[in-house]
Amino acid sequence: MEQKKTYINGNWIDGTSGRTLRSINPATGEVLAEIQENSIEDTILAISAAKESFYQKRDWRDMDAQTRSDILLKIADKIEENLEEIAKIESMDNGKPLREAEADVDDAVHCFRYYAGLIRTPNGGVYQVNSNFGTMHSYEIHEPVGVCALITPWNFPFLMGIWKLAPALAAGNSVIFKPSSETVLSTIKMFEIFDEAGLPAGTANLVIGPGSSIGNLLAESSDIDMVTFTGSTAVGQSIMRAAAGNVKKIGLELGGKSPNVIFADTDLEAAVEWAMIGIFFNQGEVCCAGSRIIIEKSIKDAFVKRFAERAEKMTLGNPLNNPDMGPLVSEKHMKDVLSYIEIGKEEGAKLVCGGYRYTEGECALGYFVRPTIFDECTSDMRIVQEEIFGPVVTIQTFETEEEAIALANDTVYGLAGAVFTNDATRAMRVIKEIRAGITWINCYNPAFSEAPWGGYKMSGIGRELGTHGLEEYQEVKQINMNLTPGVLGWYER
Ligand code: NAD
């Protein structure tokens with residue numbers, strides 16, 4: 001069996017914790033690879049390497065933007081050259097259908113290219129100001145934050161990593177990256193590419209191991225200037241507390257329970273198709289999943305009938321064969337999702353379709369759950385309030401626009417949301433009332449490197465992607481230059 005290593009200070013090393021992490025293919029239960037987990041001591045080494053890289057060696061930080069951009073473009077090219085291999089690794093390790101893994105890697109290529117270009121464009125304002133001190137030329141420059149710890153989840157292992165690594169590196173920071181232990185293989189490939197592309201040693205360091213120990217150390221360490229995290233809201237809260245010690249900058253991309261609001265005047269067939277993409281894409285293991293359908297009462301029955309017909313037809317199978325859905329990421333996660341389905345039944349929601357582990361044919365040994373629709377749901381149910389993170393969707397109805405908005409906003413989360421209607425004025429009115437950072441009108445899920453991504457309320461702090469995504473990894477310095485000649489004579493006045 002293949003043994004994988006981690007990458008610290010430009011060297012491939014075995015973790016020294018004495019524990020081995022096994023990467024499991026969730027479609028078959030087979031062990032794909034073994035990795036020696038990193039210890040606290042390894043993590044301290046990685047932090048020291050990043051610190052030395054940023055504060056002493058300064059090679060990446062002080063590199064001119066053009067050369068840094070060239071290296072980022074080289075990374076993008078190498079990811080593109082290895083797209084098929086990375087997508088296959090991702091599909092086998094995470095369970096997502098191969099075509100979805102290919103799309104993730106393609107997005108990662110474009111994300112690197114976007115930030116490679118962005119750091120060569122001017123940023124920051126220039127102001128000519130008059131104050132009591134005379135005429136001032138005031139301008140701002142953006143500088144890297146310093147040593148950044150980046151912590152990611154398992155649902156889009158490669159892409160979520162790149163959403164952090166591309167802007168953090170583009171800005172000139174040195175980083176320590178910790179992926180989820182569930183899915184480390186595509187990340188190891190990513191670091192092989194960093195190495196080949198000539199990223200200076202110590203600029204990007206990889207640590208692999210439990211969040212509760214090494215993740216927590218990264219959040220806590222006073223040698224780290226910033227921690228950015230994508231994952232569950234509960235862990236985000238713990239990172240926020242741990243980061244308070246040295247008042248680290250933080251970025252948090254957390255959970256969601258997003259509303260998909262459908263009005264009666266919409267194209268029903270199109271709304272069904274987008275609702276499918278909203279909840280069943282990536283097995284429903286998507287932070288922004290449209291997991292709460294809130295639909296106008298008059299069309300609910302017709303919608304549910306068609307939605308269930310389409311869901312029943314979905315194919316499940318080995319992700320490398322491109323079924324509609326693959327397995328959930330692990331046996332434990334499958335059990336968590338199935339237990340939520342039991343909770344839904346006990347709470348009195350009406351199970352319309354799915355709701356069980358699927359073991360037909362090539363799915364016999366994997367962690368597959370059929371697409372599951374619960375009708376007749378109410379806001380007080382746990383399945384409506386809590387993030388399930390699987391292919392499970394709830395249906396609630398409304399009769400007025402005000403009721404739809406109230407239902408849409410009735411959770412602690414505020415990550416995403418959508419509105420379906422043919423009335424453009426209403427679409428704008430309702431979307432503006434939804435307290436969420438990522439919203440769609442008459443579609444669900446599209447995301448772009450150029451547009452900001454992040455949540456309101458308990459779904460997070462800060463934004464990834466777009467120009468905001470770069471600014472998260474930068475400090476802004478104000479420089480005020482006196483343009484008034486001679487002595488000011490302030491005290492003679
Ligand atoms: P998780 O919170 O369990 O783990 C995420 C990462 O945090 C992992 O690397 C884990 O090892 C680490 N971690 C765990 N405990 C830690 C601690 N105490 N200190 C520091 N790090 C720790 O999340 P998950 O199960 O891997 O992913 C699913 C969650 O991620 C869902 O809630 C989903 O909504 C969220 N998510 C959000 C976005 C977004 O953009 N908002 C995107 C993808 C996933």
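Order of appearance sets the numbers: ligands from 1, and atoms from 1 within every ligand.
The number of heavy atoms from other shown groups lying within 6.0 Å of CZ (Arg435) does not exceed 12. Around the CE atom of Met314, the shell of radius 6.0 Å holds more than 12 heavy atoms that belong to other residues, nucleotides or ligands.
Close approach to Asn216 involves these atoms of ligand 1, each under 4.0 Å from a residue heavy atom: 19 (N), 20 (C). Interface atoms of ligand 1 facing Gly211, defined by a heavy-atom separation under 4.0 Å, are 11 (O), 12 (C), 13 (N), 14 (C), 15 (N), 16 (C), 17 (C), 18 (N), 19 (N), 20 (C), 21 (N), 22 (C). Atoms of ligand 1 found under 4.0 Å from any heavy atom of Ser180, numbered from 1 in the order shown, are 8 (C), 9 (O). Shown in contact with Leu415 at under 4.0 Å from a heavy atom are these atoms of ligand 1, numbered in order with element: 41 (N). Heavy-atom contacts of Leu254 reach the following atoms of ligand 1: 34 (O), 37 (C), 38 (C), 39 (C), 41 (N) (cutoff under 4.0 Å).
In this structure, of Gly255, Gly231, Ser459, Ser213, the residue bringing a heavy atom nearest to atom 35 (C) of ligand 1 is Gly231. Looking at Asn155, Ile388, Thr183 and measuring to atom 43 (C) of ligand 1, the nearest heavy atom belongs to Asn155. Distances from atom 3 (O) of ligand 1 to the heavy atoms of Ser232, Gly215, Gly209 show the closest one on Ser232. The nearest non-hydrogen atom to atom 34 (O) of ligand 1, considering only His333, Glu220, Glu387, Glu253, comes from Glu387.
At a 4.0 Å heavy-atom cut-off, ligand 1 does not touch Ala234 at all. For Thr233, no heavy-atom contact with ligand 1 is shorter than 4.0 Å. In Met160, the part holding a heavy atom less than 4.0 Å from any atom of ligand 1 is the side chain. Looking at Val286 against ligand 1, nothing comes within 4.0 Å, counting heavy atoms.
The shortest N/O to N/O separation between Glu464 and ligand 1 does not fall below 3.5 Å. Below 3.5 Å of separation, one finds an N or O of Lys178 facing an N or O of ligand 1. Checking only distances, Trp453 does come within under 3.5 Å of ligand 1, N or O to N or O. In terms of polar-atom proximity, defined here as any N/O pair under 3.5 Å, Thr230 makes no such contact with ligand 1.
One finds the OG1 atom of Thr394 at 8.0 Å from the CD1 atom of Ile293 (value rounded to the nearest 0.5 Å). Taken from CG in Asp104 to CD1 in Ile86, the straight-line distance is 11.0 Å, to the nearest 0.5 Å.
The aromatic rings of Tyr7 and Trp12 sit tilted, their planes meeting at an angle between 30° and 60°.
The protein heavy atom nearest to atom 12 (C) of ligand 1 is Ile151 CG2, 3.7 Å. Residue, atom and distance of the protein heavy atom nearest to atom 28 (C) of ligand 1 are Phe389 CE2, 3.5 Å. Shortest contact from atom 15 (N) of ligand 1 to any protein heavy atom: Val235 CG1, 3.5 Å. Scanning all protein heavy atoms for the shortest distance to atom 7 (O) of ligand 1 gives Phe229 CE1, 3.1 Å. Protein heavy atom at the shortest distance from atom 25 (O) of ligand 1 is Trp154 NE1, 2.9 Å. With respect to atom 27 (O) of ligand 1, the closest heavy atom belonging to the protein is Pro153 CB, 3.2 Å. Of all protein heavy atoms, the one lying nearest to atom 39 (C) of ligand 1 is Cys287 SG, 3.3 Å. Scanning the protein heavy atoms around atom 6 (C) of ligand 1, the nearest turns out to be Thr152 O, 3.4 Å.
Proximity of the aromatic rings of Trp453 and His468 is defined here by a centroid distance below 6.0 angstrom, and this criterion is not met.
Ser238 counts as a contact of ligand 1, since one of its heavy atoms falls under 4.0 Å from the ligand. Judged by the shortest distance from any of its heavy atoms, Pro179 lies inside the 4.0 Å radius around the atoms of ligand 1.
Using a 4.5 Å heavy-atom cutoff, the side chains of Thr152 and Phe177 are in contact. Residues Phe307 and Ile279 form a side-chain contact, since some pair of their non-hydrogen atoms from C-beta on lies under 4.5 Å apart.
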Item to check | Verdict with supporting geometry, Cys148 and Tyr473, side chain to side chain contact (heavy atoms under 4.5 Å, CB included) | outcome: CA-CA 8 Å; Cys148 302; Tyr473 293 98; 4.1 Å; yes
Item to check | Derivation of the side chain to side chain contact (heavy atoms under 4.5 Å, CB included) call for Asn282 and Glu100 | outcome: CA-CA 7 Å; Asn282 208 57; Glu100 293 181 11; 3.9 Å; yes
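Stacking of Arg370 on the aromatic ring of Tyr358 is recorded, both the 6.0 Å distance cut-off and the 45° axial limit being met. For the pair Lys178 and Phe229, the cation-pi test (distance below 6.0 Å, angle within 45°) is failed.
Lys78 and Glu192 are not joined by a salt bridge, as no carboxylate oxygen comes within less than 4.0 angstrom of a charged side-chain nitrogen. Residues Glu84 and Lys88 are not paired through a salt bridge, judged by the lack of any N-O separation under 4.0 Å between the basic side chain and the carboxylate.
For the 3.5 Å distance criterion, the side chains of Tyr340 and Glu386 qualify, holding a donor opposite an acceptor.
For the side chain to side chain contact (heavy atoms under 4.5 Å, CB included) criterion with Met458, the lone passing option out of Leu415, Val412, Thr411 is Val412.
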